Amino acid sequence: MQDFFAPFLAWIPLLPLLGFVLLIALPLFHRREPPEAVSAVVGVGSVCLSALLTLLIMWTLFLNNPSAVLQVSLWQWLKVGALQLGFDFYLDWLGMAMLLVVTGVGFLIHLYSAGYMHGDDGYRRYFAYLNLFVGAMLILVMADNLLLLYLGWEGVGLCSYLLIGFWYRNPANGDAARKAFIVTRIGDTAMLLGLILLFSQFGTLSIRALNTAAASVPANNLTVTLAALLLLGGAVGKSAQLPLQTWLPDAMAGPTPVSALIHAATMVTAGVYLIARMHPLFNASETAMSAVGIVGALTLLLAGFSAMVQSDIKRVLAYSTISQIGYMFLALGVGAWTGAIFHLMTHAFFKALLFLSAGSVILSLHHEQSLFSMGGLRRKLPFTFGCFAIGCASLAALPFTAGFYSKDQILLKAWEYQGGFNGIWFTGILGALITGFYSFRLLFLVFFGNDGPASARCKDANNGVMTLPLSVLAVLALFGGLLTPPLQRIFTQAPAGHAPLWVEGVAIAAPILGLALAWLLFRHNTSPMESRNKSALEKLWFSGWGFDWFYHRLLVQPLTSLARINRNDILNSIYNGTALICRQFHNLLSTSQNGLIRWYMASFTCGAIIFLALLVVL
């Protein structure tokens, strides 16, 4: 069975990439933009076929044999000295879980986009970028070596730049796209250095060979620790974790389905996947594991506090994603490998649902995004309200939702970390309370209370193409906790034990307490809160703890100051004087080129005599 399916493995990423090529090439044949229906069929259909092929392989092979692996070598990619790499794909249950998320949720977002982007001038271009995005992410997930993974890694970075700045005529969108590209390049540079270090140490970039070698080195080996920390740097950049989290809130400049794809199924999940895939390397270093856990815990809290005070519906969800990815990093840091990937999967369900529901709200309100212009929309958008409420409940991890089961695994493993009560577990519990608060603050401000200024002109923009993905995602956000992937054999991890009953009770009570606080403060939604003076702490949280302010003064302002100095008249005089001197030397030397052969021969002879004389003397 494995030999039968192996040749089909390459078609999973190839189908979206073929869709991208076809969408780019369509105007070459017609010399005009194709109808929207053609672009939608190519864009949505290619990802649908990829998702169906993934489901077929999972259903017929991996469900019956959790230890199954598929691998295929397409061609020899690089052969430079000791570095010999093939364009090879490898699939086990970890990769299969990721493929189901990328292709399944990605297909639903593509389908929703067909309705959401109707009438946009860049309709074909949008689906071309979206197909390339999914194709690059699939290469990243299925890569059998780190350099091929890095190819997909850079591909999703490129696509995020293209899609965040999709409406490029607005300069702010271009600024946001450049910011995302530049900030993530910092992490990518760290990751590249990690790859170089690993190759110099182990002589290979094969993921399986590196993991096998890392498992046999002495604990806390300096080279392994440094390599793991460099890979963590790459993961921090791509997954928007502290201190490189600043790009993700601004990435909301792109179309809302793009935000759903970035947050739920592609780019920000890449860092979590990288650490999980290289878990033997991280397990070999206590320092690296601690760093992963600390980064996750701090990011979880900092982003959660920021989400509590945002006034833009998409920025609340953006900070929420940063916080939830922090949960996954926290889980990775305490060795809850299965919990981290399980939460990645359930997060894809409810975060895609929330973003697409938010897109329906924004479209219905004629692109209004301010929370304080909304209110009372549950009466005008009942279907969207139901989907959004399910998404908020799952995000808050209320009992029996998908988010509850995955987050419970993480908190239980965090409790076992260091044998009981510890800072990591307490951070997770506090994060659960904060998540419950900002999730239902968002729900109440948008759908409860009196009508806001934008609510009066609300017109339900949902259509059949948009409601189907929302319905499927709502079901997954409710019952997706039943789809636990069998990853224990991949991570050779013992299942979590049984914590005291009060620990389970606290984990359940924390988000419910957050919901209750939000109900008390925001259920009526009658006060114009955007007009009141914010406290200094609220301003700090609203600005994302001032990281943008700090980076602007540390990195941007010095460069802009140098640019201004560069325009100074004194420097211009220096530059002009330097240019004048260079021109004079040029004129002087040009006299030697007079076109007389005897002059050239004499010069050559004199030069040869001088050169030989110097050789004799020296």
Side-chain angles (χ1 to χ4, degrees), residues 105 109 156-157 160-161 163-167 172-173 175-181 183-184 236-272 296 298-329 344 347-348 350-359 361-362 367-371 374 388 391-392 394-396 431 434-435 437-439 441-443 445-446 540-548 551:
V105 176
I109 294 170
V156 297
S160 68
Y161 166 78
L163 285 165
I164 293 168
F166 179 77
W167 288 318
N173 296 343
D175 292 342
R178 285 189 294 273
K179 181 178 180 180
F181 192 79
V183 172
T184 54
V236 160
K238 198 65 73 180
S239 292
Q241 296 293 282
L242 194 72
L244 299 179
Q245 79 283 7
T246 57
W247 67 270
L248 193 57
D250 290 345
M252 299 303 96
T256 303
V258 169
S259 302
L261 192 62
I262 290 175
H263 289 244
T266 54
M267 186 160 169
V268 297
T269 63
V272 179
L298 290 177
T299 307
L300 162 65
L301 291 184
L302 294 181
F305 282 120
S306 290
M308 289 167 54
V309 297
Q310 298 301 310
S311 59
D312 183 296
I313 185 172
K314 289 176 67 175
R315 287 182 75 87
V316 176
L317 296 177
Y319 278 108
S320 166
T321 296
I322 298 172
S323 183
Q324 294 303 303
I325 298 293
Y327 256 117
M328 299 173 208
F329 272 65
L344 183 154
H347 176 265
F350 61 72
K351 189 52 62 71
L353 176 63
L354 284 169
F355 265 112
L356 298 186
S357 299
V361 171
I362 293 168
H367 297 282
E368 176 60 61
Q369 294 184 199
S370 172
L371 295 176
M374 302 177 187
F388 206 92
C392 286
S394 191
L395 169 60
I434 294 170
T435 304
F437 179 83
Y438 70 66
S439 299
R441 169 186 177 267
L442 178 62
L443 181 72
L445 287 177
V446 175
L540 181 65
W541 292 351
F542 185 83
S543 67
W545 295 83
F547 276 88
D548 279 314
Y551 291 152

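Everything quoted here is computed from the prediction, not taken from an experiment.
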Indicate the atoms forming the closest heavy-atom contact of [X] with [Y], along with that distance.
X: A318; Y: P249; answer: CB-CA, 3.9 Å
X: V105; Y: A352; answer: CG1-CB, 3.8 Å
X: A260; Y: F355; answer: CB-CB, 3.6 Å
X: G165; Y: A177; answer: N-CB, 3.6 Å
X: Q245; Y: F547; answer: NE2-CD1, 3.3 Å
X: I313; Y: A358; answer: CD1-CB, 3.9 Å

Inset, instruction - Not counting sequence neighbours, which residues clear salt bridge (Lys or Arg N to Asp or Glu O under 4.0 Å) with K238? List them please. - result: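 With sequence neighbours excluded, K238 shows a salt bridge (Lys or Arg N to Asp or Glu O under 4.0 Å) to D188, given in chain and number order.
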Inset, instruction - Could you go through the side chain to side chain contact (heavy atoms under 4.5 Å, CB included) check for I322 and Q241 one step at a time? - result: CA-CA 7 Å; I322 298 172; Q241 296 293 282; 4.2 Å; yes
Legend entry - Any residue meeting side chain to side chain donor-acceptor pair (under 3.5 Å) with Q369, in chain and number order, not counting sequence neighbours: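 Per chain and number, Q369 pairs via side chain to side chain donor-acceptor pair (under 3.5 Å) with D312.
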Inset, instruction - List in chain and number order the residues that pass side chain to side chain donor-acceptor pair (under 3.5 Å) with S160, two or more places apart in sequence or in another chain; answer none if no residue qualifies. - result: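 With neighbours one apart ignored, the set is empty.
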Please check: side-chain N/O of [X] versus main-chain N/O of [Y], any donor-acceptor pairing under 3.5 Å?
X: S259; Y: M252; answer: no
X: T256; Y: G359; answer: no
X: W167; Y: A253; answer: no

Atom pair [atom1]/[atom2] of [X] and [Y] - distance to nearest 0.5 Å:
X: K179; Y: T246; atom1: NZ; atom2: OG1; value: 4.5 Å
X: S311; Y: M374; atom1: OG; atom2: CE; value: 10.0 Å
X: S439; Y: L317; atom1: OG; atom2: CG; value: 9.0 Å

For [X], enumerate each residue passing the side-chain contact (heavy atoms from CB on, under 4.5 Å) test, keeping only those at least two apart in sequence or located in another chain.
X: T269; answer: M98, M137, L344
X: F166; answer: M117, D120, R125, Y126, Y129, P255
X: D175; answer: R178
X: L244; answer: V183, I186, V236

What residues form a ring pair (Phe, Tyr, Trp, His ring centres under 6.0 Å) with [X], not counting sequence neighbours?
X: Y438; answer: none
X: F329; answer: none
X: Y319; answer: none

Legend entry - Min side-chain heavy-atom separation L442-F388 under 4.5 Å: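 SC-SC contact between L442 and F388 confirmed.
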Inset, instruction - Check whether any side-chain heavy atom of H263 sits under 4.5 Å from a side-chain heavy atom of L248, and report yes or no. - result: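 Counting from C-beta outward, H263 and L248 do come under 4.5 Å.
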Inset, instruction - Give me the one residue out of S320, S394, C392 that meets side-chain contact (heavy atoms from CB on, under 4.5 Å) with L354. - result: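 Looking at S320, S394, C392, the match for L354 under the side-chain contact (heavy atoms from CB on, under 4.5 Å) is C392.
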Legend entry - Test side chain to side chain contact (heavy atoms under 4.5 Å, CB included) applied to T321 and I262, step by step: CA-CA 10 Å; T321 296; I262 290 175; over 6 Å; no
Legend entry - Selection residues 313-325 - residue pairs positive for salt bridge (charged side-chain N to carboxylate O under 4.0 Å, His left out), sequence neighbours left out: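 Passing the test, one end in residues 313-325: D250-R315.
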Legend entry - Intermediate values then yes/no, side chain to side chain contact (heavy atoms under 4.5 Å, CB included), V272 and H347: CA-CA 12 Å; V272 179; H347 176 265; over 6 Å; no
Please tabulate, for the side chains in residues 299-309, all donor-acceptor contacts under 3.5 angstrom to protein atoms that are two or more places apart in sequence or on a different chain.
residue : atom : partner : partner atom : Å
T299    : OG1  : L242    : N            : 3.1
T299    : OG1  : V295    : O            : 2.6
S306    : OG   : L302    : O            : 3.3
S306    : OG   : W541    : O            : 2.8

Inset, instruction - Step by step, work out the side chain to side chain contact (heavy atoms under 4.5 Å, CB included) result for T184 and M267. - result: CA-CA 11 Å; T184 54; M267 186 160 169; 3.8 Å; yes
